[in-house]
Amino acid sequence: MKAAESALKHIKPGVRSVAPYTLRQLEAPIKLNQNESPYDVPAELKQRLWERLAQRPWNRYPPFVPADLTAAVAEAVDWPTEGILLGNGSNELIQALLATVIEPGRSVVVPEPTFTLYRLLTQVGGGSVVPAPLDESLRFDVSGIVAAAARNQATAIVLCTPNNPTGTALTREEIEAIHDGSDALIVLDQAYVEFGGYDAVPLLKDRPRLLILRTLSKAMSLAGLRAGYMLGHPALVREIGKAKLPYNVNFVTESVAAEVLRHRELLVPNQEAIRVQRDRLFDGLGRLHGLHVFPTAANFVLFRVEAGELDHRAVFQRLLEDHGVLVRDVSGYPMLQGCLRVTAGTPEETGAFLEAMAEVMKGGVDRRQSTVNS
């Protein structure tokens, strides 16, 4: 260990002080823990793409500028190509953005609880995170966000809307109030916007400090390919692009993502089906004793286990071990003690989860009653 310490002393303190972003690798027949789409890309579209990819030379680098995918994004969102930056998932673009604006002495306002990568990457870059807690109902505190940015002369405000892991979404008026009440960069991570919440692209034209991040992992069924994009004023996007790696989008991702975007109407029924199952989860969990269920605009539902002796850890384990259902334990986030998050799946997966939850929660009630009666 002493030998390792001689090497580790060269690592920045800001890096050594933060916990890495990790996910416990568990498998289950019903996997509802990662906010993926339960539906794959249509088979006929896949077949066409495989044939096209087989004809490409795999020994050559992809285009330095992925023009085909950039054009497909521009068409899909109605934004000029000069204001689009592509990434190996939107997470890479979060990293590139923070790399261009963060240094010691600069701060980022982050409403919490939210996606932990914003805090981690800010601290790795040597900046400081100013938390702006959500309110007791897990809604954004707009005035608190604006005040925190002003008080700390924040470089950026990062807003995940709909928010992960709470499902909370900002309205147009709230986004405008945060933008107009601050001189910071306003970064909207809209990875889940196809499922609900306000689509902020119309605000970009008159607000050069606004940036929007999107992913094709959720609503577009491409989590395995890692494709995301950033929208913003061309001058701002150009500077952020300096921090991304060359050839960051491989030719498989570019080809598939461009084709899927050009046939995005094929995925609309799947997105609607996911919203239906999301609402079914919310309603079904709300009928179970011992749970508090939070409203959501995303493709998942957050709920708190409040059933006395039956805590969230026991619920998680019984779902997994007795029923083969895997959900996400998010109790380590600020304000989310006792909370679990479940992703909307197929109708069959949703039904199996709700049946399992009813059995688990009934078992907890029966055990408590047995204890009281004894």
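Index from 1, following the sequence. It should be emphasised that the depicted structure is a prediction, and the values quoted were computed from it without experimental measurement.
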What I'd like to find out is whether the side chain of [X] reaches to under 4.5 Å of the side chain of [Y], using heavy atoms alone.
X      : Y      : result
Leu302 : Val330 : yes
Val360 : Asp322 : no
Leu267 : Met220 : yes
Leu45  : Glu259 : yes
Arg328 : Pro165 : no
Leu86  : Met230 : no
Pro111 : Ile145 : yes
Leu285 : Phe353 : yes

Report task. Identify whether Phe294 and Val315 are in the same connected component of the hydrophobic contact network (ILVMFWY, side-chain heavy atoms under 4.5 Å). Result ->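 Not linked; separate clusters.
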Check ion pair [X]-[Y] (N to O, under 4.0 angstrom):
X      : Y      : answer
Lys31  : Glu36  : yes
Arg318 : Glu359 : no
Arg209 : Asp180 : no
Arg48  : Glu44  : no
Arg106 : Glu103 : yes

Kindly say whether [Y] contributes a backbone atom to a donor-acceptor pair with the side chain of [X] at under 3.5 angstrom?
X      : Y      : result
Ser90  : Leu213 : no
Gln190 : Tyr198 : yes
His179 : Ile175 : no
Trp58  : Leu53  : yes

Query raised in the report: With Ser37, which residues qualify under side chain to side chain donor-acceptor pair (under 3.5 Å), at least two apart?
Result: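 Partners of Ser37 by the side chain to side chain donor-acceptor pair (under 3.5 Å) criterion, ordered by chain and then number, come out as Ser221.
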Report task. With sequence neighbours excluded, tell me which residues meet side chain to side chain donor-acceptor pair (under 3.5 Å) with Lys46. Result ->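 Lys46 satisfies side chain to side chain donor-acceptor pair (under 3.5 Å) with Asp40 once adjacent residues are dropped.
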Exercise: identify the closest heavy-atom pair between [X] and [Y]:
X      : Y      : value
Pro104 : Gly125 : CD-O, 4.2 Å
Ile94  : Asp189 : CD1-OD2, 3.8 Å
Leu340 : His312 : CD1-O, 3.9 Å
Pro66  : Val249 : CG-CB, 4.1 Å
Ala169 : Glu174 : O-OE1, 4.1 Å
Val201 : Ile212 : N-CD1, 3.6 Å

With [X], which residues qualify under side-chain contact (heavy atoms from CB on, under 4.5 Å), at least two apart?
X      : answer
Glu194 : Ala219, Gln271
Ser107 : Ser128, Val130, Asn152, Ala154
Pro80  : Glu82

For [X] and [Y], which I'm curious about, is there any donor-acceptor pair between the side chains at under 3.5 Å?
X      : Y      : answer
Ser331 : Asp329 : yes
Asp68  : Thr70  : no
Glu51  : Gln55  : no
Arg226 : Ser217 : yes
Thr100 : Glu239 : no

**Report entry** Summary of ring pair (Phe, Tyr, Trp, His ring centres under 6.0 Å) pairs that have at least one residue in residues 80-122, sequence neighbours excluded
**Finding:**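 Every ring pair (Phe, Tyr, Trp, His ring centres under 6.0 Å) pair that includes a residue of residues 80-122, provided the two are not neighbours, is Tyr21-Phe115, Phe115-Tyr118.
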Query raised in the report: With sequence neighbours left out, which residue pairs that include part of residues 202-222 fulfil the ring pair (Phe, Tyr, Trp, His ring centres under 6.0 Å) condition?
Result: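 Listed by first then second residue: nothing to list.
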Requested in this report: Would you sort out whether Ile178 and Phe140 count as a side chain to side chain contact (heavy atoms under 4.5 Å, CB included), showing the intermediate values?
Outcome: CA-CA 11 Å; Ile178 294 170; Phe140 289 96; 5.8 Å; no
Other hydrophobic cluster members with [X], side-chain heavy atoms of Ile/Leu/Val/Met/Phe/Trp/Tyr under 4.5 Å, chained?
X      : answer
Tyr247 : Tyr61, Phe64, Val65
Phe195 : Tyr39, Tyr192, Ile274, Phe300
Val276 : none

Report task. Take Leu138 and Met335, measure what side chain to side chain contact (heavy atoms under 4.5 Å, CB included) needs, and give me the verdict at the end. Result -> CA-CA 8 Å; Leu138 301 183; Met335 302 175 67; 4.0 Å; yes
Tell me if the [atom1] atom of [X] is crowded by more than 12 foreign heavy atoms within 6.0 Å.
X      : atom1 : value
Glu27  : CD    : no
Glu136 : CD    : no
Glu272 : CD    : yes

Query raised in the report: Can you list the steps and then say if Val77 with Leu231 is a side chain to side chain contact (heavy atoms under 4.5 Å, CB included)?
Result: CA-CA 9 Å; Val77 300; Leu231 308 174; 4.0 Å; yes
Report task. Sort and list the pairs that fulfil side-chain hydrogen bond (donor to acceptor under 3.5 Å, both in side chains) and have at least one residue in residues 332-342, not counting sequence neighbours. Result ->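 For residues 332-342: Asn35-Arg341, Asn164-Arg341.
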Requested in this report: Provide the full list of salt bridge (charged side-chain N to carboxylate O under 4.0 Å, His left out) pairs with a residue in residues 277-304, sequence neighbours left out, each pair given once.
Outcome: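 Listed once each, the pairs would be none.
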Query - Audit row: Leu97, Val187, side chain to side chain contact (heavy atoms under 4.5 Å, CB included) steps and yes/no - result: CA-CA 9 Å; Leu97 162 66; Val187 184; 3.4 Å; yes
Query - Point-to-point distance, once rounded to the nearest 0.5 Å, from CE of Met357 to CG of Leu288 - result: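 If we round to the nearest 0.5 Å, Met357:CE and Leu288:CG are 6.0 Å apart.
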Query - Distance in Å, Ile240 CD1 paired with Leu93 CG, rounded so as to fall on 0.5 Å steps - result: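 With rounding to 0.5 Å, CD1 (Ile240) is 9.0 Å from CG (Leu93).
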